[in-house]
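Structure first, commentary second.
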Amino acid sequence: MSQIVTRFAPSPTGYLHIGGARTALFNWLFARGRGGKFLLRIEDTDRDRSTPEATAAILQGLTWLGLDWDGEAVSQFDRKDRHAEVAHQMLARGTAYKCFSTAEEIAAFRADQEAKGASYAVFLSPWRDADPATHPDAPFAIRMKAPRTGETIINDAVQGIVTFRNDQLDDMIVLRSDGTPTYMLAVVVDDHDMGVTHVIRGDDHLNNAARQTMVYQAMGWDIPVWAHIPLIHGPDGKKLSKRHGATAVGDYQAQGFPAAGMRNYLTRLGWAHGDDELFTSEQAMAMFGLEGIGRSPARLDFKKLESTSGWHIARTDDAALLHEVQGYLTASGQPALTKGQHDLLLRAMYCVKDRAKTFPELIEKAHFALISRPVAADEAAAKALDTVSRGILKELTPRLQTANWTKDALEAILNDVAAAHGIGFGKLAAPLRSALAGRTATPSVYDMMLVIGQDETIARLNDAAA
RNA sequence: GGCCCGUUCGUCUAUCGGUUAGGACACCUGGUUUUCAACCAGGUAAGAGGGGUUCGACUCCCCUACGGGCUGCCA
């Protein structure tokens, strides 16, 4: 086989679903790790349900996740003439036929079957072997002339060998009576024309693979490698739905998960490479393979997502992290950082990024750097600023005035002051935290002082001591 | 109803006939500590049920239960 080509083919009927995102991710990983191509096709043949807004949301979601595709996204609807052309080629080859049965006739057949209590039967068109001379001058659909005996075998890279009895499959319609193609035809034609070598998609398509195989065979085309991956379920094991909360990738961005963490987490959901848990996308590309994909549906676990995200936040360089934080603020509808906050947050990054699992947590930990005087102390912090403590702070400020603004120097001064009052450093740190951040849980007092600087530190201490 | 797929700690998973069934998250305990985290050490915890095959089954086969998917002139 020459170059590997994969694709992600969502229908634009809503936001990018987390399950779809993982499917895209697997395709992306597989192609990118093997020097192949990753293509994007928008399956917008259902004109009633497809919207440009949904297409935009999907592209936005993929972009945020960092899943870049090769070339322009292909619109399936734009290729309808080619689909119709193939349908007529099938007609010419005798692998398809014109069916004049109306939708009403078919519905009546089904109703009749159900009424008889008989097991659901496939609809067999009476036109399958009709003499063309008997064809009426009426609208017709083109149906594939599927084999009625024997079996169709799918050799799936994930599911193994899956066998379907041909008598279970009906002659599916490939071109509707209004001349538009059906999904079954369109996917096959597009995948073939786009040179797709590996079809990695949700296992809700496993059954479709059998019928699509028939189209490949009818046209004499090479069948791609199939890889049907299990769907993602909610924490309760049920199919993921709105009830479970976040199902759109945009929700995850708005909740402050870093894209690298999402990629890592989603990669491990339903795929494994021994005991490897935490890795960069470059490492994932090198390790990823179809053989590592599991066969059972996975459930979403936010705690693990958070843990994975924390690992990536701690490893991202400060500037890139700041950029992502800004994207998070925008996505979640929060005000953007001012220039001053931007600079302070960048300075504070080193002492907060190791301890945050998500961006909201990061911002919470960097609270001291983002606020401006006067610092509002919360209830617990206010308690730490009792009369005695304020007295100590008052005594501390003059010494800070002349201090060298380094951790060592500050440490010496603070220890000295604490010792002079016969208290432990912890006793002194509490009011300092209140004065500097207005909170009782903060980064190290030294780090805070270093980040906001000498003047601001002294000003905040004076405010608190007053 | 029919067809197809699945089922290992709470969760994600390793194992590809022979292991004290391993790792990660979560949880619990301890350590470190300047608060909160982070971090370090340790611990609790699993093969859906029943039949086979085999010297030996989590692993192979069958049945049942449960979960999921498909069964459209939707994708």
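Bear in mind that the values here come from a model prediction, so they are computed numbers and not experimental data.
At least one test fails for R439(A) against the ring of F368(A): distance under 6.0 Å to the centre or angle within 45° of the axis. Cation-pi geometry between K98(A) and F100(A) is not satisfied (NZ or CZ under 6.0 Å from the ring centre, within 45° of the ring normal).
Base contact: P443(A) has a heavy atom under 4.0 Å from a base atom.
Of the residues in residues 262-280 of chain A, R268(A), L269(A), G270(A), A272(A), D275(A), E277(A) come within less than 4.0 Å of RNA chain B through at least one heavy atom, sorted by number. Annotation: proximity of residues 346-355 of chain A to RNA chain B (heavy atom, distance under 4.0 Å) is found for D354(A), R355(A), numbered in ascending order.
Distance noted for atom P between U34(B) and A26(B): 25 Å (whole Å). Spacing of P atoms, C61(B) relative to U7(B), comes out at 12 Å, to the nearest Å. Comparing C9(B) with C5(B), their C1' atoms sit 24 Å apart, to the nearest whole Å.
Remark: the S177(A) side chain and the C73(B) base include a donor-acceptor N/O pair separated by less than 3.5 Å.
Atom CD of E291(A) and atom C1' of U13(B) are 16 Å apart (whole Å).
Shown are R7(A), H198(A), Q212(A); of these, the side-chain hydrogen bond (donor to acceptor under 3.5 Å, both in side chains) with D191(A) is made only by R7(A).
For the residue pair R263(A) / S281(A), a side-chain donor-acceptor distance below 3.5 Å is found, with atom types taken as modelled. Judged by distance alone, the side chains of Y183(A) and D46(A) never bring a donor and an acceptor atom under 3.5 Å apart.
F359(A) has its side chain within reach of L321(A): a pair of non-hydrogen atoms, C-beta onward, lies under 4.5 Å apart. Here the side chains of D204(A) and L231(A) are in contact, with some heavy-atom distance below 4.5 Å.
For F288(A) and W271(A), the gap between ring centers is short of 6.0 Å. Ring pair Y252(A)/Y15(A): centre-to-centre distance not below 6.0 Å.
Closest to the side chain of V445(A), from the set C36(B), A75(B), U34(B), is U34(B). Listed nucleotides G23(B), A75(B), G69(B) differ in distance to N207(A); the shortest reach to its side chain belongs to G69(B). Closest to the Q76(A) side chain, of the nucleotides A75(B), U13(B), U35(B), is A75(B).
Within the shown strands, C28(B) is the pairing partner of G42(B) under the Watson-Crick or G-U definition, both distances less than 3.5 Å.
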